[in-house]
There are 2 protein chains.
Amino acid sequence: MASITDVARLAGVSTATVSRVVSLAPYAVNPATRERVLEAARTLDYVPNALARGLHKSHVPVVGVIVHDITDPYFAEVVRGVEDAASVGGFLVITCSSDRIAEREHSYVRLLRSMRASTVIFAGSGLTDPALNAELAMHLNAMRAYGAAVVHCSPHALGDAEIGIDNAAAMEGIVVALANLGHRRIAFLAGPASLYVSHERLEGYRRGLAATGIGSDPRLVVSTGFNQESGALGVDALVAAGAPFTAICAANDLLALGAIQRLAELGLDVPRDVSVTGFDDIPTAAMASPSLSTVQLPLKEIGRRAFAFAERVLAGETPKNDVLPTTLVMRGSTGAPPAEAAEAAAIQRVPTAVVA
Amino acid sequence: MASITDVARLAGVSTATVSRVVSLAPYAVNPATRERVLEAARTLDYVPNALARGLHKSHVPVVGVIVHDITDPYFAEVVRGVEDAASVGGFLVITCSSDRIAEREHSYVRLLRSMRASTVIFAGSGLTDPALNAELAMHLNAMRAYGAAVVHCSPHALGDAEIGIDNAAAMEGIVVALANLGHRRIAFLAGPASLYVSHERLEGYRRGLAATGIGSDPRLVVSTGFNQESGALGVDALVAAGAPFTAICAANDLLALGAIQRLAELGLDVPRDVSVTGFDDIPTAAMASPSLSTVQLPLKEIGRRAFAFAERVLAGETPKNDVLPTTLVMRGSTGAPPAEAAEAAAIQRVPTAVVA
DNA sequence: CGTACGATAGTAAACGCTTACTTGCCCCGC
DNA sequence: GCGGGGCAAGTAAGCGTTTACTATCGTACG
């Protein structure tokens, strides 16, 4: 492994000169000398040591992205966006799947700090865990102290996302759309209460109800996980609660997909018997059947912007926070509620199916 | 940012002692002293600088995973497996989406090398690009020279995967299964010819045909991309080729899913008119409709094993290569071929649909 | 003709940590 | 009583870069 010293020796110059040419420093180097250095570097297959460079500069061109689970298409998209933006500047992207476990999130951030990552992006929502958030704050401040940038793509303990979307407004929109279709009994699969984003989306659901004059029924709101299985479980909980409903509004797509699956198992047709909506518009949403009505988030763009934001912070600027637009996309999983009689029939059918 | 010097000063010991306790070195340190050091470290919120440590050790606990696209569930699963295994040892995982572009792959590996990553795992198949492979070989050798481990999860230019599956055998199995269902005209969506894995799967297809005494028809094999859109395009190509078929065997799930979609648009029912099979068993495969018959790969396990393999290499051992088992899972997208008449009808219907 | 300045290149001091070597003690056995 | 051995801790030499200072050489200018 050739080092800068070897290159310097071969080119017959000092290491300072080599450094100046290979690191593209804004320092005048005689073109002839420069060429000689480049030639030597090529001959020796010299690749600068980023660690040594980082040791000196106090941080390395690495951005850590904390996600809940890279296997969740939502996060995969965001990470891809970050990667695309980061790679043009020669930054590497570290993904950290926390599984929403405070301890894992904390230890990942610590690791990122020990690596002197130049930026950490929280792709998912923050956890409502005071102990974690205190620890986190310490690490993040230490990171900022050595010059790192910190970006959130979702609400978190310390406030709003630097790059985000208006969760409440979007959710309100989809509830209103459901109401416009004629639904009055709209259930809500709320996601984990331990996530800030769940609260925002629930708030949007409530606002949607209020905006359309629909009274809220606590039996129609169930707290869940954030994956497909939770969607199925959520439907079971709703059925067990006993309050009739003609639509299910889920806090994310995975939940909605799971709900549709369970509904089918219960013999209920979507959207004939029950309409279902998601949130996020992950790639699968469009290709599921029925295709899912949902709110489309510019996931990749969020990732790209998050990195761009960090880049500006690293450059010493103080960029403004950004709220990206979302768009409602109504597909096959929503329709008018069944006629009064049909509705009653559908509801009655449920208990039977559950027993079966 | 407290450094080891600060801790040493506060604890009233030398930096050597601090290093010995915080780096868990196998060196006797008086328990009382150790406690004093730990206490000082805690007070100062000291986190060791991994760069400095790595500069000395010649590599850092970072593993780079080269994938084709992190957004592809196949790779997301593998990466997650690597991450799970890596995180227990305090390793960080860098994901690099190459999009199967030689230049990107090359530049990612170079970046990983400059960061002195301790291991690089190629999750996807190698590209059949001589220039790239030569460059790659250089970097990989340099990395091995500083102590890094290199692992492949798919066939590549230099040989078999250290951790892999038997692509040909698995593909042969699914073709045989189709033949057992009664299919004799089985088309193949082959994936990109630029990937080694495509060749292996094609080979399996051929073996399956041979094993069941079905003659091969070149019009039934079409080279494609590796994503959903390519699957749709593949169906179009097959239709254009004009040779009748009752089943489509795709080189991966995404392709199969795209094919099913296109088939539906052409008015063909799966599996009544055409059976379709995939390969990989990504999460979506089971929840698509019809659910996809495919070959299940232990994706996460592959990731875990790949890291475990690397870990052993780093420890100086020479682990054996591993071929993981795959399992055929027949679901809703496959069935018996249509009766002779129905088959003829289905084939006849195609051209019309294409025109429409 | 002396000087100051621009253009280049070199010197050497960090950056934070690990570790081979050295030092200082204390205790044991002859 | 003293040499030797073992435990603890310290010293200091790197690891590969960057960069603030210096140094050198012409040359243009007063």
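Throughout, protein chains are lettered first and strands after them, A, B, ... in sequence-line order, and every chain is numbered starting at 1. Values reported hereafter were calculated over all heavy atoms of this structure, with side chains retained and with hydrogens, waters and symmetry mates removed. In this text the structure is predicted, and so the values were computed from the model without any measurement.
Residue A:Tyr27 places a side-chain atom within donor-acceptor reach of the base of C:dA9, judged by atom type and a 3.5 Å distance cut-off alone. With hydrogens and angles ignored, a donor-acceptor pair under 3.5 angstrom links the side chain of B:His56 to the base of D:dG14. For A:Arg116 against C:dG16, no side-chain N or O and base N or O form a donor-acceptor pair under 3.5 Å.
At the heavy-atom level, B:Val29 lies under 4.0 Å from the strands shown only through sugar-phosphate atoms. Counting non-hydrogen atoms under 4.0 angstrom, A:Ala16 reaches a base of the nucleic acid. Within 4.0 Å (heavy atoms only), A:Ser3 reaches sugar-phosphate atoms of the nucleic acid but no base atom. Residue A:Tyr146 is classed as having no contact, given no heavy-atom separation below 4.0 Å to the nucleic acid. In this structure, B:Thr33 reaches the sugar-phosphate backbone alone: every heavy-atom distance under 4.0 Å involves primed, P, OP1 or OP2 atoms, never a base.
Atom CG in A:Leu51 sits about 10 Å away from atom P in D:dT17, given to the nearest Å.
The local environment of CD in B:Glu39 is crowded, with over 12 non-hydrogen atoms from other residues, nucleotides or ligands closer than 6.0 Å. Counting heavy atoms of neighbouring residues, nucleotides and ligands inside a 6.0 Å radius, atom CG of A:Asn141 exceeds 12 of them.
Between B:Phe75 and B:His68, the ring centre distance stays below 6.0 Å.
Between B:Phe122 and B:His152, the ring planes lie parallel to each other; the angle is under 30°, not in the 30° to 60° tilted range.
In this structure, B:Arg36 and A:Pro48 both approach DNA chain D, and ranking their closest nucleotides by distance from the 5' end singles out B:Arg36.
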